[in-house]
Student: 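The following block contains the structure, expressed as structure tokens.
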Protein chains: 2
Amino acid sequence: MKRKITLKQIARELDVSISTVSKALRNSAEISDDTKQKIQAFAKLYNYRPNNIALSLKNRRTNTIGIIIPEIVHHFFSEVIRGAELVANKRGYNVIIGLSNESFSKEVINMEMLANGSIDGFILSMSKETLQQQDYHHFNETMSQGMPVVMFDRVVSEIKCDKVIVDDFNGAKNAVEKLIENKCKSIALISTPDYVSVGKLRTQGYLEALNENNILAESKLILKIDDTVDYEVHLDALEAEIEQLFKANKKIDGVFAVNELYALTAMKVARKLGLNVPNDVQVIGFTDGVLSKHATPSLTTVSQHAQQMGEKAAQLLIDKLESEVNPADEEFHTVVIATDLVERESTK
Amino acid sequence: MKRKITLKQIARELDVSISTVSKALRNSAEISDDTKQKIQAFAKLYNYRPNNIALSLKNRRTNTIGIIIPEIVHHFFSEVIRGAELVANKRGYNVIIGLSNESFSKEVINMEMLANGSIDGFILSMSKETLQQQDYHHFNETMSQGMPVVMFDRVVSEIKCDKVIVDDFNGAKNAVEKLIENKCKSIALISTPDYVSVGKLRTQGYLEALNENNILAESKLILKIDDTVDYEVHLDALEAEIEQLFKANKKIDGVFAVNELYALTAMKVARKLGLNVPNDVQVIGFTDGVLSKHATPSLTTVSQHAQQMGEKAAQLLIDKLESEVNPADEEFHTVVIATDLVERESTK
DNA sequence: TTGTACGCGTTATCAC
DNA sequence: GTGATAACGCGTACAA
């Protein structure tokens, strides 16, 4: 087993100094062609590669970015990672992942673990618990230490940093407008509690679309699902709630749901109640994932372009890392990613 | 903006030496209680944390493990990551992600990028291209430099390292046995080309189940999908192939597919041809992901316990990293994760 | 009880 | 053209 070779070892082997080796390998003009050749050949033979850690220590930059997300087994987040990794790699950075698992304390611990020199900056999306507790000290501390942060999707205005968000409001509005266009008269909304910023914005979009079309919003048509329950486990409960919504409002002919699962479940319930999708009820979901695509009937959704979000976030972060702007008069940008309505079989 | 504080700065502030500070912070008995208190208080005030990079350089270990996977937007792989991250974090390690995107060269580049000191060991699953080209030099080189590697799922016997694999053979066998038990007489297999090891093993399991039950395997019932085509994009083509299979074999009353998508598409085709699932045709897939769970009818699948695989892989790797075994007489383990048949609506 | 010196691997600066 | 030295931040063996 041959351990990784270092400059020092090469120097000793060839009986020259470490600095000569270093210079020779960087093709410095200071070194004679003879020695350069000799050293370079030897280095190649032993497959010399500079040690990243030593470089990081010296340069005070790791060329690594940290991504903290609530959950990785999730189409949206994994797409974001893919996008971020793509851009990061292209620009010579590695990506290190931390999972908060929707927990505040794990988010804090993860960030502290990475902030101590392991990375140059963060891309992150807040955990639900953090959103609920509204405790943002760890973000602000990190930034006050000069570590740039780019937040995506789940953001709050209290934190001053670069942000990449989905145009939740207009995405929802367009979706509901589509339903109205398609002659839906009684459109239900299946959403999350308001502390989830995206749930709130999508609800507003829904209301605005109704409003602009002079349709009276009815609170009984709005179902807010308590998402602290893990509905991946308690699917039945979710189904029951939605079934009640349908039964209490027989006229429902359109449903806008703030995520795939709710939309899919709505379709399932509709079918169970003998309603045809899209003939009797049209359904639109948010988040364009595998479920929507492969459902039967396939689901019309608001696509968030998650990968693009990840790309943009990585760009913003790396741009900041490589810019020479005085942190004092630094500017923060919020990039809004437009949504697309992907029409499939669940609408006419 | 307060930059991260270092030992040196604390030493200067308090007019003591760096080593005194270092010792005081590690609560060394060498230092007087007075100085310790003073230093610890100061450090706490300025929120001192040792620099990971410096520690890594000094200790020659980064407490970071690298995970290289072909694709992250994939339920199976993201579950593996979740499991690995869970164990890694619990044991004080970070996780750095590299995506090969099924490309040989990206796999090589990613590994080289990380192998130069950034991480202590690898967890990885080979790209399809690597499997096809059968070029494993980068794995062997990495290991010969003393960097431990744990491979999962897509493995080859030529590489000597720890491995975590699914019991593909028995998983498939059990699934097909289930179909036989359920009175299926003509069971089709939808698989991948044989160079994908898991496809091969699952095919063997299928054949063995038939064989043990004295059912003659018919090659016309075996469909091998060319998976170099991206069927997420060319769904129609996949559908067409499967439709042909059904049309050419009207007696098919059972389908075993080596992944979710194939199984789902088989159900779709069956429905299109007026067949009822599970009454006319029973379907079982491999890989227990969201699609199976939320399909209608929901899909009976062979669960691979992906998260458990990730956990096990991380355990193996970290155990090796922390063991003092002489690399010369090192032993390699292959952990086989048993599968479970998750019965849902697509079988009786 | 405290401080000095060294080394981890690298590069930049300066001296020879 | 080559080499010695310092520095990045830390921990520790050893000296005072």
Student: On DNA chain C, reading 5' to 3', which nucleotide is the first and which the last to sit with an atom under 4.0 Å from a heavy atom of chain B, could you check?
Tutor: C/dT1 to C/dG9
Student: Just grab all the salt bridge (Lys or Arg N to Asp or Glu O under 4.0 Å) pairs involving residues 56-78 of chain A, residues at least two apart or on different chains.
Tutor: A/E71-B/R82
Student: Taking only residues two or more places apart in sequence or in another chain, which ones pass salt bridge (charged side-chain N to carboxylate O under 4.0 Å, His left out) with B/E13?
Tutor: none
Student: The criterion is salt bridge (charged side-chain N to carboxylate O under 4.0 Å, His left out); which residues satisfy it with B/D319, sequence neighbours excluded?
Tutor: B/R91
Student: Tell me, yes or no, whether the heavy-atom count around B/E331 atom CD, taken from other residues, nucleotides or ligands under 6.0 Å, exceeds 12.
Tutor: no
Student: Could you tell me if B/E107 and B/H138 have a donor-acceptor pair between their side chains, going purely by distance under 3.5 Å?
Tutor: yes
Student: Would a 4.5 Å heavy-atom cut-off, applied to side chains only, mark B/D153 and B/M309 as touching?
Tutor: yes
Student: If you count heavy atoms of other groups shown closer than 6.0 angstrom to CD of B/Q133, is the number above 12?
Tutor: yes
Student: How far does CG of B/N94 sit from CD1 of B/I65, to the nearest 0.5 angstrom?
Tutor: 9.0 Å
Student: B/F76 vs B/F152 aromatic rings, parallel, tilted or perpendicular, using cut-offs 30° and 60°?
Tutor: tilted
Student: Just one of B/N52, B/N51, B/T62 clears the side chain to side chain donor-acceptor pair (under 3.5 Å) bar with A/S118, so which one?
Tutor: B/N52
Student: How bent is the helix from C/dT1-D/dA16 to C/dC16-D/dG1, comparing axes over its five end pairs at each side, to the nearest 10°?
Tutor: 70°
Student: Not counting sequence neighbours, which residues clear side-chain hydrogen bond (donor to acceptor under 3.5 Å, both in side chains) with A/S19? List them please.
Tutor: A/S17
Student: Closer to the 5' end of DNA chain D via nearest nucleotide, is it B/L7 or A/K36?
Tutor: A/K36
Student: Among residues 11-27 of chain A, which ones have heavy-atom contacts with DNA chain D below 4.0 Å?
Tutor: A/V16, A/S17, A/S19, A/T20, A/K23
Student: Quick one, which residues of residues 40-59 of chain B touch DNA chain C with a heavy atom under 4.0 Å?
Tutor: B/L57, B/K58
Student: Side chains of B/D162 and B/K320: closer than 4.5 Å at any heavy-atom pair?
Tutor: yes
Student: Just to verify, what does A/K4 make a side-chain hydrogen bond (donor to acceptor under 3.5 Å, both in side chains) with, not counting sequence neighbours?
Tutor: B/N116
Student: Thinking salt bridges, do B/R154 and B/E102 make one under a 4.0 Å N-O criterion?
Tutor: yes
Student: On DNA chain D, which is the earliest and which the latest nucleotide, 5' to 3', with an atom closer than 4.0 Å to a heavy atom of chain B?
Tutor: D/dC8 to D/dC14
Student: For A/K128 and A/F104, indicate whether the former's side chain and the latter's backbone hold a donor-acceptor pair under 3.5 Å.
Tutor: no
Student: Are any of the side-chain heavy atoms of A/Q145 and B/N47 separated by less than 4.5 Å?
Tutor: yes
Student: Which residues in residues 112-121 of chain B have at least one heavy atom lying under 4.0 Å from any atom of DNA chain C?
Tutor: none
Student: Looking at residues at least two apart in the chain, or sitting in another chain, which of them share a salt bridge (charged side-chain N to carboxylate O under 4.0 Å, His left out) with A/E141?
Tutor: none
Student: Quick check on DNA chain C: between B/A29 and A/Q9, whose nearest nucleotide comes earlier from the 5' end?
Tutor: B/A29
